[in-house]
Each structure stands twice: as C-alpha cells, then as structure tokens.
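To find a chain, count down the sequence lines: A is the first, B the second, and so on, and within it residues start at 1. In what follows, every heavy atom counts, from backbone to side chain, and hydrogens, waters and symmetry copies are set aside.
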Number of protein chains: 2
Amino acid sequence: MLKNLLADLPTSLSEELMEDLVCADGVRIERIVSTGQCSAPDDWYDQDENEWVLLLAGAARLEIEWEGGQRRMVDLQSGDHCYLPAHRRHRVEWTNSEEVTVWLAVWWMPAGR
Amino acid sequence: MLKNLLADLPTSLSEELMEDLVCADGVRIERIVSTGQCSAPDDWYDQDENEWVLLLAGAARLEIEWEGGQRRMVDLQSGDHCYLPAHRRHRVEWTNSEEVTVWLAVWWMPAGR
C-alpha cells in the first residue's frame, strides 16, 4: 500500500501508472502518474462515473467539452483541481514530459445508478 | 470556488477552516486548513461516513483506534494519506502551529446506509 503519494515516483513510463488507494462502497480513489502521456487528438473520455481530479505535482492540460458543446483547454498546476461530472467529455491534451505529473483521482457513480 | 488548494492560505486561524470543493451524489470533498488546531484529549470522532484524508502541506498526528481497541499514533507528512472507514474512532492529536497544514478529505456513506 502506497504510504506517500509523492514517494517512489517512476521517472519514465511507457504508459500511465494507476494505483488504487481506496476502493470502498462505490468510491474509488487512485493515484495516477504521467510522464508525458496524453490522449490521442480525437480520443475523448465519456465516463459513466463522476470524476474529481487534483494535480499533486507536475503540469497538465485538459480539454473539456462543456454543455452546449463548447470546448476549452484547462491548464493545471500543482494544487489545481477539476470536477468532471459523469459524461462531461474530456481528454488529456498534454502532460509535461520533463517532470513527473502526479494526479489524484476520485471516481463515484451518479445517484440512482 | 477555490481554484488551487495551496493558494490563499490563511496564516493563523481561531478554528479550522473547512471548504467544500465538491458535494455531489453522496460524496463530499473538502479542503481543511489547520494552524495548530487539534482535538481535546478525550475527544474522538466516531463518524457514520467513510473518510479518506491526504495531507497536502504541513504536518499532523492522528490517533486512531483500531479493531480490538488498540490505539496508535500516525504521523502524516505532505503526501501521506489515511483511510478511516465509518466508525473507525480517531482524533487529531497534533497539527503544526509553525506552518499551515492543508488536508484534503473525502467523505462518503457506507453501502446500504
């Protein structure tokens, strides 16, 4: 079990590293480590679960599609967070390849599902 | 809405500062800022909700009562996290009064409640 989310960080990865921290009663909390990985240009996440992300280290850029279809880039620095309700389409436009980016992600289902 | 969890930190508080970041579909995510606050010696939290905490800055010590009644102190530094299932009795033994301590806390109900 990972004791410290900023410890034992890999410096280079072939793909994102995802580790469960807690998975209980419908909530999953994960650490995600990126070292430059991002989504393909037309690859959008469209999830059944709500997601809340917090950037713990590094830097990233999300592209988010808002109600009405408007798309906007959101830059995240350490300490920045973002709530993505279920089916709020989004993709990872960029993560820094020069440093390790550490995300905290919380997932849970919308009520009534 | 708080954009960055490490920004706009108060330096001294008469009591802990708690701010909701997300509250949706049975999950509540909060930032808690402490500047030396702690629990009274015999003051234990005994919550109906599951709680997961992550220390984002500063330093703290929790006292946790494990199954069987055994009590243990757990020191938390920045990046350390701790899962407290519902009714896992605990108290905040200490937070650093020399620097600001920032907690992330996630609360949710056990299944079937």
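Counting only distance, with no hydrogens or angles, the side chain of B:Trp108 and the backbone of A:Ala24 share a donor-acceptor pair below 3.5 Å.
Under a hydrophobic-cluster definition in which Ile, Leu, Val, Met, Phe, Trp and Tyr are linked whenever side-chain heavy atoms come within less than 4.5 Å, directly or via other members, B:Leu76 and A:Val22 are assigned to different clusters. A:Trp107 and B:Met109 fall into different hydrophobic clusters, defined by Ile, Leu, Val, Met, Phe, Trp and Tyr side-chain heavy atoms under 4.5 Å apart, directly or through other members. Clustering ILVMFWY residues whenever any of their side-chain heavy atoms sit less than 4.5 angstrom apart, transitively, puts A:Ile32 in the very cluster that holds A:Ile64. Grouping the Ile, Leu, Val, Met, Phe, Trp and Tyr side chains by contacts below 4.5 angstrom, directly or via other members, places A:Val27 with A:Trp52.
Rounded to the nearest 0.5 Å, atoms CG (A:Leu104) and CG (B:Leu56) are 8.5 Å apart. Put simply, CG on B:Asn50 and CG on A:Asp25 are 5.0 Å apart, with the number rounded to the nearest 0.5 Å. B:Lys3 NZ to A:Asp80 CG: the interatomic distance, rounded to the nearest 0.5 Å, is 3.5 Å. One finds the OH atom of A:Tyr83 at 12.5 Å from the CG atom of B:Leu21 (value rounded to the nearest 0.5 Å). B:Ser78 OG to A:Leu5 CG: the interatomic distance, rounded to the nearest 0.5 Å, is 9.0 Å.
Residue pairs meeting the salt bridge (Lys or Arg N to Asp or Glu O under 4.0 Å) criterion with at least one partner in residues 54-63 of chain B, sequence neighbours excluded, are B:Arg61-B:Asp75, B:Glu63-B:Arg91. Counting only residues at least two apart or in different chains, salt bridge (Lys or Arg N to Asp or Glu O under 4.0 Å) contacts with residues 81-90 of chain A comprise A:Glu65-A:Arg89, A:Glu67-A:Arg88.
Contacts of A:Leu55 with chain B are absent, with no heavy-atom separation under 4.5 Å from either backbone or side chain.
Of the residues considered (B:Val106, B:Leu6, B:Ile29), B:Ile29 shows the highest number of contacts with chain A, using heavy-atom pairs under 4.5 Å.
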